[in-house]
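Take a look at the structure set out below.
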Amino acid sequence: MSSQRYSVTPHPIDTLLTWVKSGEIAIPEIQRPFVWDSTKVRNLMDSLYRGFPVGYLIAWRNPTVKLKDGSTSAGKRILIDGQQRVTALMAALLGQKVINKNYSSIRIKIAFNPLAVDDEKIFEVSNPAILKSSEWVPDISSLFDSDNDLLDVIEEYMERNPTADRKTVGKSIQKLLKILNNQVGLIELAEDLDIETVTEIFIRVNSAGAELSQADFAMSKIAVNESYGGNTLRKAIEYFCNLAVAPECYSQISENDKVFASTPFFQKMSWLKDVNDDIYDPTYTDMLRVAFTSEFGRGKLQDLVALLSGRNFETRQYEEEIAAESFQKLEQGVYNFINKTHFDRLTMILRSAGFITSDLIRSRNAVNFAYIFYLVGRRQKVPADDLEKLVRRWFAMSILKGRYSGSPESRFDQDIRQINEQGLTAFAETILETEFPDTYWTAMLPQSMDTSSSNSPYFIAYQAAQVKAGDQGFLSSHITVSSLMQNQGDKHHFFPRKHLQRLGYQRGKYNQIANFVITQTEINIAISDKAPEVYISEVLNQCKGGPKRYGGITDQSELERNLEMNCIPLSILNTPDLNYESFLDERRKLIALKIKKWIGSL
């Protein structure tokens, strides 16, 4: 980046805090939970007191937008790096409250010891012991109160510590107050920088080393725009995601944020307080993807940032009307997302396809696009039954083919544009037909299952297929795979691992997904490390009146049905010496056919 693209200017901390209080600099994170712990705030104070550098702040002035009357308006500076440091300064020096992870408004009090010498701590997080000590000033914000007189502050301290050296106390307190004069470098990005460049800078530069994304930048853009309710919209997104995971926070939010609790957003998400379901716990990135793509017909979040800034993609200018319309559309997208009927329908559809636990939801973006698919289908007035069937099949296809695993944004963008051009039903049916030619089931899928990853999409699909079919667990007479999936059933090696190790097989081979079956723990324990021909022989004996060793199957025809349910070749019943490689090859074909039947049943 050339020197014309940004400027670097040192500013006193006092000036920066004044700009933040006046709104000249907007802090996107000010309304979300403060992620620093109190110790980090203490360390920042200590660094400033000792004159250590605390890093640069980076701000970007929103593009100048054209107003309806033809005039222009310069945007606010957005602090895109240094948010936590500035918030920490406002909390410690000005006594402002912050929001903690439980959405409670709290004070962070940093204590100061003017008499500290050598290795003694100068700053500490305030605690009961400090409150009882006369040597400590329990809250430094009291020293920075403009209504306080320095001489009065020193006199009050001396009254509590009459043996202290007044000169030492005075110098220490004056040194503390002078940290407001410490210079902090402010890097200001040129306002004419394109959105893509600023987004990349936002993602790359962050003092805490946390991984940032385009969704983070979008959330910052939303939060700082009070004109179109962005600060409330951001809260709606954050709170919904929090409640989806921790519904018990509902009362805390309603008590600690009464202003937001009175909004329609909060009323619309109140149903979450009675829900304890982890099938789909969205993050704010998920919500933004779904709300944006379904409402705007675009899939790239950097386009959302541009539109919220008012960008006209044709003229490359920034217009107030576009920003206003974009916030309105995003708000509608968020309302659609948090709607109980919509959310319930999505999770119902996932369950009806066999995805009954969060362990089976391995692709978050596949779920996101399934939700987009559903919302767009509703808008296009696809009949409810037809829409549910299309969503089920689309989600299953997305899982099997890894459609949204590589470059999800590009794929989202391509798919939503095609859906809007062709219509959802026509587009979906075309893709579903081309993705699953006959050769996929007989050759491609069996070959793809030559893998040892139990998290592979093929094994996930197979388990969902078993749930959907109502299959019983391996060698179980009544316990279903569905029950085992929801109650921690075992993933058993049909050819036990230790048995294969004795035969010389390595991990990558004995953990082949075609060697796994879902079974009850007690059956798994009973099998232990026996060779399959040994325990299968004992099961056959069990069907002839012998002792029950493995589950409750006592009839050979019932045993054969159970093996077929679990895609176990029936030839094992008549083979005295089973070959592992042949077994894997045959079972992969059977699993592929089961998945094919499952797709057809959706």
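Counting from 1, the numbers follow the sequence of the chain as shown.
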*List for me each residue that meets ring pair (Phe, Tyr, Trp, His ring centres under 6.0 Å) alongside H11, sequence neighbours excluded, and say none if there are none.*
W19

Donor-acceptor contacts under 3.5 Å from residues 180-188 side chains, at least two apart:
residue, atom, partner, partner atom, Å
N182, ND2, L48, O, 3.0
E188, OE1, R77, NE, 2.4
E188, OE1, R77, NH2, 3.4

*Scan residues 259-276 for pairs that pass side-chain hydrogen bond (donor to acceptor under 3.5 Å, both in side chains), counting only residues two or more places apart or in two chains.*
none

*Heavy-atom pair with the smallest gap, counting every atom of N339 and Y371*: O-OH, 4.3 Å

*Can you name the side chain to side chain contact (heavy atoms under 4.5 Å, CB included) partners of S22, sequence neighbours left out?*
E24

*Which word best sums up how the rings of Y239 and F260 line up, parallel for under 30°, tilted for 30 to 60°, or perpendicular for over 60°?*
perpendicular

*Is any side-chain heavy atom of L350 closer than 4.5 Å to a side-chain heavy atom of I279?*
yes

*Could you grab the distance from atom CZ of R298 to atom CG of N420, nearest 0.5 Å is fine?*
11.0 Å

*What's the spacing between L308 CG and R311 CZ if we round to 0.5 Å?*
13.0 Å

_Flag, side chain of R351 to backbone of L346, donor-acceptor distance under 3.5 Å_ = no

*Please check if the distance between the ring centroids of F337 and F292 is under 6.0 Å.*
no

*Does a side chain donor of either N242 or E238 reach within less than 3.5 Å of an acceptor in the other side chain?*
no

*Residues two or more places apart in sequence or in another chain: which of them pass salt bridge (Lys or Arg N to Asp or Glu O under 4.0 Å) with E135?*
none

*Excluding sequence neighbours, so at least two apart, what forms side chain to side chain contact (heavy atoms under 4.5 Å, CB included) with Q486?*
I356, T357, S482

*Kindly determine whether F355 and F395 satisfy ring pair (Phe, Tyr, Trp, His ring centres under 6.0 Å), including the steps that lead there.*
CA-CA 10 Å; F355 297 92; F395 181 70; 4.9 Å; yes

_On a heavy-atom basis, which atom in V54 and which in S47 lie closest, and how many Å separate them?_
CG1-CB, 4.1 Å

_Sidechain-backbone polar pair: R379 side chain, E295 backbone, donor-acceptor under 3.5 Å_ = no

*Looking only at heavy atoms, what is the nearest atom pair of R160 and S133, with distance?*
NH1-O, 4.5 Å

*Given ring pair (Phe, Tyr, Trp, His ring centres under 6.0 Å), test F343 with F240 step by step and report yes or no.*
CA-CA 12 Å; F343 201 88; F240 184 91; 5.8 Å; yes

*Partner residues of V153 under the side chain to side chain contact (heavy atoms under 4.5 Å, CB included) criterion, sequence neighbours left out*: L143, N148, I173

_Could you work out, with salt bridge (Lys or Arg N to Asp or Glu O under 4.0 Å) as the rule, every residue matching K121, not counting sequence neighbours?_
E124

*Where the side chain of T293 meets the backbone of V290, is there a donor-acceptor pair that is under 3.5 Å apart?*
no

_Spacing of D303 atom CG and F296 atom CZ [to the nearest 0.5 Å]_ = 10.5 Å

*Kindly compute the distance separating CD1 (I222) from CG (L233), expressed to the nearest 0.5 Å.*
5.5 Å

*Mind checking whether E331 and T232 have side chains closer than 4.5 Å, heavy atoms only?*
no

*Is there a side-chain contact between L16 and V20 (heavy atoms, below 4.5 Å)?*
no

*Taking only residues two or more places apart in sequence or in another chain, which ones pass ring pair (Phe, Tyr, Trp, His ring centres under 6.0 Å) with F123?*
Y49, F112

*Salt bridge or not for R364 and D286, using N-O below 4.0 Å?*
yes

*Under 3.5 Å, is there a donor-acceptor pair between the K109 and S141 side chains?*
no

*Taking D37 for its side chain and K40 for its backbone only, find out whether a donor-acceptor pair lies under 3.5 Å.*
yes

*Using distance alone, with no hydrogens and no angle criterion, decide if N368 and Y280 have a side-chain donor and acceptor under 3.5 Å apart.*
yes

_Looking at K178, I want to see if its NZ is surrounded by more than 12 non-hydrogen atoms of other residues, nucleotides or ligands under 6.0 Å._
no

*Is the number of heavy atoms from other residues, nucleotides or ligands under 6.0 Å of Q328 CD greater than 12?*
no

*Do any N or O atoms from the side chain of E255 and from the backbone of Q252 form a donor-acceptor pair under 3.5 angstrom?*
no

_Which residues share a side chain to side chain donor-acceptor pair (under 3.5 Å) with Y404, sequence neighbours left out_ = W394, D415

*No-hydrogen, no-angle side-chain donor-acceptor test under 3.5 Å, N312 and Q317*: no

_Does any part of the side chain of V125, heavy atoms only, come nearer than 4.5 Å to the side chain of I108, both counted from C-beta?_
no

_Assess the residue pair L17 and I13 against the criterion (side-chain contact (heavy atoms from CB on, under 4.5 Å)); give the C-alpha distance rounded to whole Å, side-chain angles, the decisive distance to 0.1 Å, and a yes or no._
CA-CA 6 Å; L17 294 181; I13 287 175; 3.9 Å; yes

_If I take atom CD from residue Q302 and atom CD from residue Q214, how far apart are they, to the nearest 0.5 angstrom?_
5.0 Å

_Treating Q83 as the side-chain partner and L79 as the backbone partner, does any N or O pair qualify as donor plus acceptor under 3.5 Å?_
yes

*Identify the two heavy atoms, one from A291 and one from L330, that lie closest to each other, and give their separation to 0.1 Å.*
CB-CD1, 4.1 Å

*Kindly check if the number of other-residue, nucleotide or ligand heavy atoms within 6.0 Å of NZ (K329) is above 12?*
yes

*For S254 and S251, indicate whether the former's side chain and the latter's backbone hold a donor-acceptor pair under 3.5 Å.*
yes

*asked:* Going by the rule side chain to side chain contact (heavy atoms under 4.5 Å, CB included), which residues pair with A91 if we only count those two or more places apart in sequence or in a different chain?
replied: V98

*First locate atom CG of L272, then atom CG of D277, and finally report the distance between them rounded to the nearest 0.5 Å.*
10.0 Å

_Under the ring pair (Phe, Tyr, Trp, His ring centres under 6.0 Å) test, residues paired with F327 that sit two or more places apart_ = Y228

*Would you say the side chain of V334 lies within less than 4.5 Å of the side chain of F265, judging by non-hydrogen atoms?*
yes

_I'd like to check L243 versus V275 (side-chain heavy atoms, cut-off strictly below 4.5 Å). Are they in contact?_
no

_Test item: S407 side-chain N/O and S410 main-chain N/O as donor-acceptor pair under 3.5 Å_ = no

_Can you confirm whether P114 sits close enough to Y157 that some side-chain heavy atom of one is under 4.5 Å from a side-chain heavy atom of the other?_
yes

*Between R50 and D46, does at least one N-O distance fall below 4.0 Å, as a salt bridge requires?*
yes

*Within the side chain of S220, is there an N or O that forms a donor-acceptor pair under 3.5 Å with the backbone of D216?*
yes

_Are W36 and L44 packed together at the side-chain level, in the sense that at least one heavy-atom pair is separated by less than 4.5 angstrom?_
yes

*asked:* I'd like to know if R166 and E155 make a salt bridge, using a cut-off of under 4.0 Å between side-chain N and carboxylate O.
replied: yes

_Shortest non-hydrogen separation from D281 to A244 and the atoms involved_ = OD1-O, 3.2 Å

*For the student: nearest non-hydrogen atoms of R289 and I372, plus distance*: O-CD1, 3.9 Å

